[in-house]
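This report concerns only the one structure given below.
Positions are given from 1 along the sequence.
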Amino acid sequence: MSEAISIIVFLSVLFFLLGSGIWIGASLLATAVIGMFLFTSTPVGDAMALTIWGDQSSWTLTALPLFIWMGEILYRTKLSETLFRGLAPFMGKLPGGLLHVNVGASAIFAAISGSSAATVATVGKMSIPELSKRKYPEKLIIGTLSGAGTLGLLIPPSISMIIYGVTVNESIAKLFMASMIPGLALAVCFMTYIAIWGLMNKDAVTKTPSLILSEKIKALFDLLPVLMLISGVIGSIYSGIATATEAAALGVLGSIILSIAQGTLSKNSFIESILGAVKTSSMIMFILMGSSFLALTMGFTGIPKALAVTIVNWELSPFSLIAILTIFYILLGMFLDGISSIVLTMAVIEPMVRAAGFDMLWFGVYLMIVVEMAQITPPVGFNLFVLQGMTGRDIGYIAKASMPMFFVMCAFIGILVLIPELATWLPSVL
């Protein structure tokens, strides 16, 4: 009974503060402070200082601002133009034509950014004008870009995956390994949908002229610097040469070199990239501060343990639990961004999932996919907002165009549940 009262108080205070427009980090901290006053006798100031300092001084977290900075640098380069020019000759002949470039370019940029919104913005600023010029259906352009942009949360290095790893105390390197194959498999699922649409609507796609061998080789050379950067960052982690933090530093250095080579690095762009990384990192750290203190407060009240015991007593099958969690995260994602959803729920969900016997690497991959869905569900979908600014269309139109990709992700969750080795095989081998 006491746990039920605590849950009602926590949720009431939290949703009131969030509904008032207060910053998410501040709402989490305020909820934790109120809960600490009401339900424990622990000194609030001491507990807050120790918890926040302990969590924020984690060495693993140093990878976060570095990967964010790498993405900020690359966002200000000619990377979108390079990706489109390099991928178009090879994907234009597939059923669905150049729509596949949205998926391929998003997957590549995701491997050097880690941000879903940045992936959509970078790829979209080149692909939307080019595909519109070639008379591709606008809904397909927007929908494929919106869905493929979510790969930034799954394909390593993923910022959200780093947050998850720190929250549940799992190896970032192993999580990156676990998410690589599912990330590529989801990209293939997106491309399969485009191919099926292309076969059913052959007249709706402008045919791409064939290129001679020398032009295709030139396109490959356009992609070579980007592929080398990806290989350096991800390969150094998978081979065991570097930790995630060291690989992030290598990525920053590589992105600066690439920016210099393209002639896009200036004093202003360099300062803008630093300021952008500082703002994003500060926002995420503030949310993490609030979530870690809220997790501590709830731990004192016994809520996570009580919920975990309750779920175990229900004797749900793994499929039933995953189905319930999927619906829960989809609903939550309609009102919160991905990172907030992760840090807000892990204090309660982690004991429940561990008690059910799930592999936490597999669950991390699953969580990234359901959080990806939050990026394209109204009313709060970051990818929808980015595309609204780029196309001038209203949120309803963009959300409707994104629905097919939402259902593709739902189907992929089913595949991941049926074939968990997609996430667990690579970490066990490496």
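Side-chain contact between M373 and I413 is present, with heavy atoms from C-beta onward closer than 4.5 Å. M285 is listed as a side-chain neighbour of L64, based on a closest heavy-atom distance under 4.5 Å. With a 4.5 Å cut-off on side-chain heavy atoms, F328 and V370 do not count as touching. Side-chain contact between I237 and T243 is absent, with no heavy atoms from C-beta onward closer than 4.5 Å. Between L186 and E372 there is a side-chain heavy-atom pair separated by less than 4.5 Å. Within the 4.5 Å cutoff, the side chain of I342 has heavy atoms near those of the S160 side chain. Here the side chains of I194 and V103 are in contact, with some heavy-atom distance below 4.5 Å. Residues F109 and L151 have side chains not in contact (no heavy-atom distance under 4.5 Å, counting atoms from C-beta outward).
Ring orientation note: the planes of F358 and F363 are tilted relative to one another, at an angle of 30° to 60°.
I141 and N102 make their closest contact through O-ND2, 3.3 Å (heavy atoms, listed as atom of the first residue, atom of the second, distance). When all heavy atoms of L387 and I142 are compared, the pair lying nearest together is CD1-O, 3.8 Å. Contact record, F412 with A185: CE1-CB, 3.7 Å, taken as the closest heavy-atom pair. A pairwise comparison of heavy atoms in I73 and S255 identifies CD1-OG, 3.5 Å as the closest pair. When all heavy atoms of V365 and A423 are compared, the closest pair comes out as CG2-CB, 3.9 Å. The heavy-atom pair separating S106 from G149 by the smallest distance is OG-N, 4.0 Å.
Salt bridge absent: K400 and E138 never bring a charged side-chain N and a carboxylate O closer than 4.0 Å. Salt-bridge formation is detected for the pair E350/R354: a Lys NZ or Arg NE/NH1/NH2 atom is positioned less than 4.0 Å from an Asp or Glu carboxylate oxygen.
L29 CG to M36 CE: the interatomic distance, rounded to the nearest 0.5 Å, is 11.0 Å. Atom NZ of K139 and atom OG of S402 lie 10.5 Å apart (nearest 0.5 Å). Taking CE of M409 as the start and OG1 of T326 as the end, the distance is 12.5 Å to the nearest 0.5 Å. Taking CE of M368 as the reference point, atom CE of M161 lies at 5.0 Å (rounded to 0.5 Å). Note that CH2 of W197 and CG of L99 are 6.0 Å apart. Values are rounded to the nearest 0.5 Å. Note: M405 CE to S146 OG = 8.5 Å, rounded to the nearest 0.5 Å.
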Problem - W362 and L422: CA distance, side-chain angles, deciding distance, side chain to side chain contact (heavy atoms under 4.5 Å, CB included) verdict - result: CA-CA 9 Å; W362 178 91; L422 283 173; over 6 Å; no
Exercise for the section: Evaluate the criterion side chain to side chain contact (heavy atoms under 4.5 Å, CB included) for residue pair L229 and I257; output intermediate values, then yes/no. Expected result: CA-CA 10 Å; L229 180 58; I257 293 172; over 6 Å; no
Practice task
Please test L367 against I349 for side chain to side chain contact (heavy atoms under 4.5 Å, CB included), starting from the C-alpha separation and ending with a verdict.
Solution key: CA-CA 11 Å; L367 184 61; I349 298 296; over 6 Å; no
Exercise for the section: Please lay out, stage by stage, how M177 and V429 fare under the test side chain to side chain contact (heavy atoms under 4.5 Å, CB included). Expected result: CA-CA 10 Å; M177 293 175 195; V429 171; over 6 Å; no
Under 3.5 Å, side-chain donor or acceptor atoms of residues 8-16 against the rest of the protein: list the pairs with distances, not counting sequence neighbours.
unit_1	atom_1	unit_2	atom_2	d
S12	OG	I8	O	2.6

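Looking at T280, its side chain never comes within 3.5 Å of a backbone N or O of A277 through a donor-acceptor pair. Distance alone, capped at 3.5 Å, is enough to place a donor-acceptor pair between the S231 side chain and the L227 backbone. The backbone N or O of L154 lies less than 3.5 Å from a partner atom in the side chain of S179, making a donor-acceptor pair.
For the 3.5 Å distance criterion, the side chains of Y397 and T391 fail to qualify, holding no donor opposite an acceptor. No side-chain donor-acceptor contact under 3.5 Å links T424 and D359. For the residue pair S158/Y164, the side-chain donor-acceptor check at 3.5 Å is not satisfied.
Remark: E130 engages F84, M126, K133, R134 in a side-chain contact (heavy atoms from CB on, under 4.5 Å) (not counting sequence neighbours). Looking at residues two or more places apart in sequence or on another chain, you find a side-chain contact (heavy atoms from CB on, under 4.5 Å) between I274 and W69, F270, V278.
F190 has its ring centre no less than 6.0 Å from the ring centre of Y193.
Within a 6.0 Å radius of CZ in F319, other residues, nucleotides and ligands contribute 12 heavy atoms or fewer.
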